[in-house]
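Chain identifiers are assigned alphabetically (A, B, ...) following the order of the sequence lines, protein sequences preceding nucleic acid strands; residue numbering begins at 1 within each chain.
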Amino acid sequence: MFVLVVGAGRVGSSVATSALRAGHTVSVLDEDPLSHERLDVELGKSWEEAGGRFTIGTALELDALIESGIEDADVFIASTNGDNTNLVVTQLAQRRFEVPKVIARVLDPRRAAWYAEQGVHTICPTQIAIDQLEQAALETA
Amino acid sequence: MAGLYVIIAGAGKVGWNLARELLERGDEVTVIEQDRRRYLTVEQELEHAVQYGDATELWVLERAGIQRADLVVAVTGDDEDNLLICQVAKEKYLCERIIARCNNPRNLTHFKLLGIQPAVSATDLILRLIEHEVPSYGLVHLLDLPEERLEIIELVVGDGCAAAGKRVADLALPDGALVISVLRDGSGFVPKSDSVVEAGDEVLVVLDPGLEEDITNLFVANGASG
């Protein structure tokens with residue numbers, strides 16, 4: 001599969017490196033060239049040497065998305081540090097580029113839930129933390 | 001006509017002035033501003049008509065009473081925020097009228113794709129004004145250019161530059177560049193082909209990206225350095 005990850009912070013870079021290790025084609029788009037180093041460190045060698053692609057650019061720029069290969073992507077993951085960016089770019093991937101599988105990381109639980117109802121696949125780390133905390137607290141109580 | 005209830009996201013220059021005008025007209029207004037310092041400044045004038053918060057969060061919109069809003073106007077400096085505020089207003093809260101500000105004209109296509117209309121871009125508005133005011137300028141050609149391939153720049157006409165003292169028609173502007181406004185002694189006008197550009201004028205030029213250097217050579221550099 002061709003996996004495109006937009007936003008290579010802690011989450012994005014981990015997903016990107018494990019997808020690469022699992023044998024997928026992986027392309028990463030991030031506006032900060034330094035995020036490339038995080039990928040290198042996680043792999044223990046250069047990201048490109050390991051077969052990865054990296055594009056510097058902003059998520060909303062169509063040129064950057066196209067350069068990073070969105071037209072051929074099977075899976076699109078929006079994991080920048082901005083909920084709003086993730087929600088917009090995910091909808092672009094879905095509606096404009098018709099990527100078959102599109103996932104957005106959204107920290108705000110209420111919007112993650114509402115957008116999920118609208119057909120956007122959202123993952124909400126905050127909600128996961130809330131659920132786990134509640135579960136852990138109740139178990140020990 | 002009974003007053004409207006208008007929610008304005010963003011208390012920048014646009015949002016603040018818009019709120020003032022609407023309040024003067026007798027409309028009810030709530031402005032939402034997420035920068036604490038800006039909020040405190042604006043609050044001194046608008047008082048209870050401004051609320052502190054991030055307008056992309058649902059509870060902030062609900063606190064502002066989005067359920068009864070006749071109109072939501074998103075004019076923050078961030079196009080993603082404006083897009084999502086309007087999307088949520090329209091699709092979740094079924095607000096019938098929305099207006100979004102598009103800061104970067106390249107993002108207009110995203111607003112269209114997500115059905116956020118009207119999206120107002122200052123660049124676009126100025127282009128429409130040109131069409132209205134100066135149709136003799138080969139304007140059709142300009143408007144044929146895709147929006148995202150245009151830039152508007154402002155510059156001060158330098159002493160002794162090639163343009164100073166010339167009529168607009170004689171400027172030998174490169175293709176894809178157009179003088180759309182001249183500011184002189186505090187007042188502005190849309191130049192005709194026989195208007196003379198003088199040193200010290202502030203001019204607005206609309207142009208294709210890549211022509212900046214030609215324009216600078218014409219308007220700023222004097223003969224010696226150019």
Heavy atoms, side chains only, cut-off 4.5 Å: are A/Gln91 and B/Leu113 in contact?
no

With a 4.5 Å heavy-atom cut-off, do A/Leu60 and B/Asn107 have their side chains touching?
yes

Does the pair A/Arg110/B/Glu62 count as a salt bridge with the N-to-O cut at 4.0 Å?
yes

Counting only heavy atoms not in B/Gln67, do more than 12 sit closer than 6.0 Å to its CD atom?
yes

Compute whether any side-chain donor of one residue and acceptor of the other, for A/Tyr115 and B/Glu91, lie under 3.5 angstrom apart.
no

Exceeds 12 heavy-atom contacts within 6.0 angstrom, atom CG of A/Asn81:
no

Please check if the number of heavy atoms outside A/Arg10 that lie under 6.0 Å from its CZ is greater than 12.
no

Contact check, side chains of A/Leu87 and B/Glu80, non-hydrogen atoms, under 4.5 Å
no

Can you establish whether the number of heavy atoms outside B/Gln117 located under 6.0 Å from its atom CD is more than 12?
yes

With heavy-atom distances below 4.5 Å as the criterion, would you say the side chains of A/Val88 and B/Leu84 are in contact?
yes

In this structure, CD of B/Gln87 is separated from CZ of A/Arg111 (nearest 0.5 Å) by 10.0 Å

Chain A contact via B/Asp81 - side chain, backbone, both or neither, heavy atoms under 4.5 Å
both

When you measure from the side chain of A/Arg96 to the backbone N and O of B/Thr109, does any donor-acceptor pair fall under 3.5 Å?
no

